[in-house]
Amino acid sequence: MKSPTSWASSPARPFLCAATSPARSRSSSICSWMRGRASCPVSCAPAGSECVSRGARGASSTTPAPEGTGPVRLTFGGLCGWLAFARTLATVERMDSPVRVRFAPSPTGFFHIGSARTALFNWLFARHHGGTFILRIEDTDKERNSPEFLNLIYESLRWLGMDWDEGPFAGGDRGPYLQSERSPIYQAHLEQLKSAGRTYEKDGATFFRLEGERYTEFDTYLNAEVEKVRAAPVLIDDVIRGPVERAEERDFVLVRANGEPTFHFVNVVDDLTMGITHVIRGEDHLSNTSKHIELFRALGATPPRFAHLPLILKDPAAGKGKMSKRDKGALIEEYRQRHFLPAAVRNFIALLGWSPKNDQEVLDIGEIIERFRLEDIQKSPARFDEKKMAHINFEHLKALPIESYAWCARPVLTESGVLPESADETQLQQVLSLCQPKVDNLENLPSFSRYFFSDDYPEDPSVRERLLKKGEPKQLLDELIPALEELEPWTAPALDDAFAALAGKTNRKVHAWWPLCRFGVSGVGGGPDFLPMLEVLGKPTVVTRLRRFRDTL
RNA sequence: GUCCCGUUCGUCUAGCCCGGCCUAGGACACUGGGUUUUCAUCCCAGCGACAGGGGUUCGAAUCCCCUACGGGACGCCA
């Protein structure tokens, strides 16, 4: 059963065409994930399916894609490439991978960039190997859990195009996938540890008993006399870091006095019973890993492979340490609200600690999956860079076919009141084709393009002042308006000629009228390429606005 | 404090495992030029790093050790 959302509905899908270029299909790396899906490019994005990737907020994103402009169109846009790719892959023997990974968030706060990256790396690893990506909810902390946060996890994963093969909504035969529903499983494993003599009760809680010589010591950090154990060091063969040796020195709690099992215990039991083969998580868990391996062994199981991701550090200006949910730029929800492309966010997050090793930075999801290797992940922590995020977003935006671009832009424009719901698609695309190369983020599109859709737009007073101060604006407009009025046809090249002719006649430079004219029809000093802008605006609008402007002087 | 991890341009990184091709490459940012003109694009150029010290070696960013610095963990949070 497929997960609630298919990544294939991402508007960045057309990038996949690039992934199937001759240069790329020569690649020896086989993306087994593609194998399983390339055969049904269309069914991955059912007609009229909701595209959460579009960036609309929450439930308001339920508008199905208009016929021919939504995911279906996108899918067909890349269909030729898909088929070529499928053909390449068809020659490869299909084999199900034993890889099983999980993302195990706890619904105790907003979904932040570190979680997103952990999820993404797990997902990428699974997809690269054709394995299984499991979503498990670690909701053992009844005090801090909240349904809103839980929902946000689902929404965010869907928005980023990470589909899960097992978990809530998706089902699976190793469930349940909410820890709060797994008590009997924990109970059974607790019994197993009990009968193996590896537990004891103290202060109402159940402790795990380490093996080794015992002694008591005053611990300066805990500021107390504590019992310690000289346990044999545990070897963690970390995929990213190599061998790490660490010895546990204190027994730890498995079940709290209130009867709730602890993170360490449920985490291990779940990874064990869910058949997790690779645990990919943040480096902050590295020193927990020795506990976990001790538990796996005590349960008579072979631990999975571990891969500890470097942390994302906060901007030094914001203080020291790892990035927290409170830091600027930390929340996935923020990118969604600001209309970033999920494909770009995903691309950027992947680059935090991972690199394709070929100087390529703007990658579509197919390329990332194909190239992704845990071994290539950086050991040192990364720092989040907003500017780079914006840049990657812009690159993705520019690479979209205009149909896809319009499909992403339309809701942004209508929500901001700039575009009427009923706006004509062709006209919209005309305007957007002028904006696309210039606007680095969809959130800036309304202010950039407002005057294309309405005569009611603000004027930038500082630009007005600057323009009126120099030269003779009235004179210039009196020359320009008649020339434009009689221009036929109204096209960019014709306009170009008209300006040239006017320049010859008046002995001015060709660009003498441009800034004034731009301001007169748009109210701002910058914008899309000038001549095409006039063309799209149309003669009646341009002339009327110019006259109106002339009258205010 | 104890244990663990890390350290290439301001930032993300390539190179490191398998020493010479590295006068260390790319990208973002920044600075300066250019452009269908001075603020949302684009083009060109510039700036800019192997943390420090010892080894090993003919030769080290690459291997070893020490120091410094950064980070993480040390909860009946996850």
Side-chain angles (χ1 to χ4, degrees), chain A residues 104-109 138-141 143-145 179 202-207 217 219-223 233 236 238 240-242 244-250 252-264 266-267 281-291 308 310-311 313 315-316 320-322 348 351-362 375 378-392 394-395 398 435-441 444 447-448 460 462-463 466 492 496 499 509-512 514-515 518 524-533:
Chain A
S106 67
T108 54
E138 307 220 332
D139 55 350
T140 53
D141 186 351
E143 302 288 301
R144 298 194 300 149
N145 288 335
Q179 286 184 333
K202 195 176 115 191
D203 303 331
T206 308
F207 281 73
E217 183 181 78
D219 187 298
T220 48
Y221 178 78
L222 295 171
N223 196 28
I236 305 159
D238 195 277
I240 296 169
R241 273 145 225 287
V244 176
E245 241 186 26
R246 191 174 182 281
E248 279 304 316
E249 54 176 23
R250 288 174 53 216
F252 52 92
V253 174
L254 298 174
V255 181
R256 302 181 184 103
N258 69 5
E260 295 294 324
T262 61
F263 161 73
H264 299 300
V266 297
N267 191 269
R281 47 160 47 156
E283 197 199 321
D284 47 345
H285 286 293
L286 186 53
S287 31
N288 288 330
T289 306
S290 38
K291 282 188 188 67
H308 287 96
L311 264 22
L313 267 28
D315 191 306
K320 296 175 110 183
K322 60 176 175 177
F348 175 72
L351 257 19
L352 247 28
W354 174 81
S355 140
K357 310 274 181 198
N358 65 354
D359 283 347
Q360 203 187 340
E361 292 195 315
V362 180
E375 295 80 357
Q378 196 84 6
K379 292 187 185 74
S380 49
R383 225 169 276 272
F384 178 81
D385 183 356
E386 250 188 315
K387 297 238 176 81
K388 186 110 181 191
M389 166 80 252
H391 169 76
I392 300 274
F394 189 24
E395 293 298 325
K398 279 191 286 191
C435 305
Q436 189 181 17
K438 299 259 184 177
V439 180
D440 69 341
N441 192 320
N444 297 327
S447 65
F448 189 85
D460 185 329
S462 66
V463 177
R466 194 188 70 222
D496 202 14
F499 277 103
K509 286 185 177 169
V510 184
H511 301 147
W514 287 28
R518 180 191 282 284
V524 286
D529 286 346
F530 182 60
L531 268 10
M533 177 186 93

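Just so it is clear: chains get the letters A, B, ... in the order the sequence lines come, proteins before strands, and each one is counted from 1.
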Do A:E260 and A:T140 have a side chain donor and acceptor closer than 3.5 Å?
no
Quick one: sort the A:F499 and A:W514 rings into parallel, tilted or perpendicular, breaks at 30° and 60°.
perpendicular
Within the structure shown, what part of the strands sits under 4.0 Å from [X] by heavy-atom distance: base, sugar-phosphate, or nothing?
| X | value |
| --- | --- |
| A:R144 | base |
| A:D460 | base |
| A:G321 | sugar-phosphate |

Do A:Y221 and the base of B:rC74 stack face to face, with centres under 5.5 Å apart and an angle between planes under 30°?
yes
Please list, pair by pair, any protein nitrogen or oxygen found under 3.5 Å from a nitrogen or oxygen in nucleotides 61-67 of chain B.
none

Within-4.5 Å side-chain heavy-atom neighbours: A:L286 and A:R241:
yes
[X]: side-chain hydrogen bond (donor to acceptor under 3.5 Å, both in side chains) partners, not counting sequence neighbours:
| X | result |
| --- | --- |
| A:S355 | none |
| A:D385 | none |
| A:N444 | A:D440 |

Applying salt bridge (charged side-chain N to carboxylate O under 4.0 Å, His left out), can you list everything that pairs with [X], at least two apart in sequence or on another chain?
| X | value |
| --- | --- |
| A:R518 | none |
| A:D284 | A:K322 |
| A:D460 | none |

Where along nucleotides 3-12 of chain B does protein come under 4.0 Å, by heavy atom, of base (B) or sugar-phosphate alone (S), with - for untouched nucleotides?
SSBSS---SB
List, with names and distances, any nitrogen or oxygen atoms from the protein found under 3.5 Å away from nitrogen or oxygen atoms belonging to nucleotides 45-53 of chain B.
none

Per [X] side chain, nearest of listed nucleotides [options]:
| X | options | answer |
| --- | --- | --- |
| A:L531 | B:rG72, B:rG71, B:rU36 | B:rU36 |
| A:S447 | B:rU37, B:rA40, B:rC28 | B:rA40 |
| A:H264 | B:rA78, B:rG25, B:rC28 | B:rA78 |
| A:N444 | B:rG75, B:rA73, B:rA40 | B:rA40 |
| A:D203 | B:rC76, B:rA73, B:rA40 | B:rC76 |

G-U wobble or Watson-Crick pairing nucleotide for B:rG19 (cut-off 3.5 Å, both distances)
none
Given that both distances must come in under 3.5 Å, which nucleotide forms a Watson-Crick or G-U wobble pair with B:rU2?
B:rA73
OP1 or OP2 of B:rC28 under 4.0 Å from side-chain N/O of A:H391:
yes
Could you tell me which residues satisfy ring-ring contact (aromatic ring centres under 6.0 Å, His included) with A:H285, sequence neighbours excluded, listed by chain and number?
A:F263
Can you list the residues that meet the ring-ring contact (aromatic ring centres under 6.0 Å, His included) rule with A:F394, with sequence neighbours excluded?
none
Name the pairs: protein N/O against N/O of nucleotides 42-44 of chain B, kept only if under 3.5 Å.
from: B:rC42; atom 1: OP1; to: A:K398; atom 2: NZ; distance (Å): 2.5

Whole angstroms only, please: what is the NZ-P distance between A:K322 and B:rA73?
4 Å
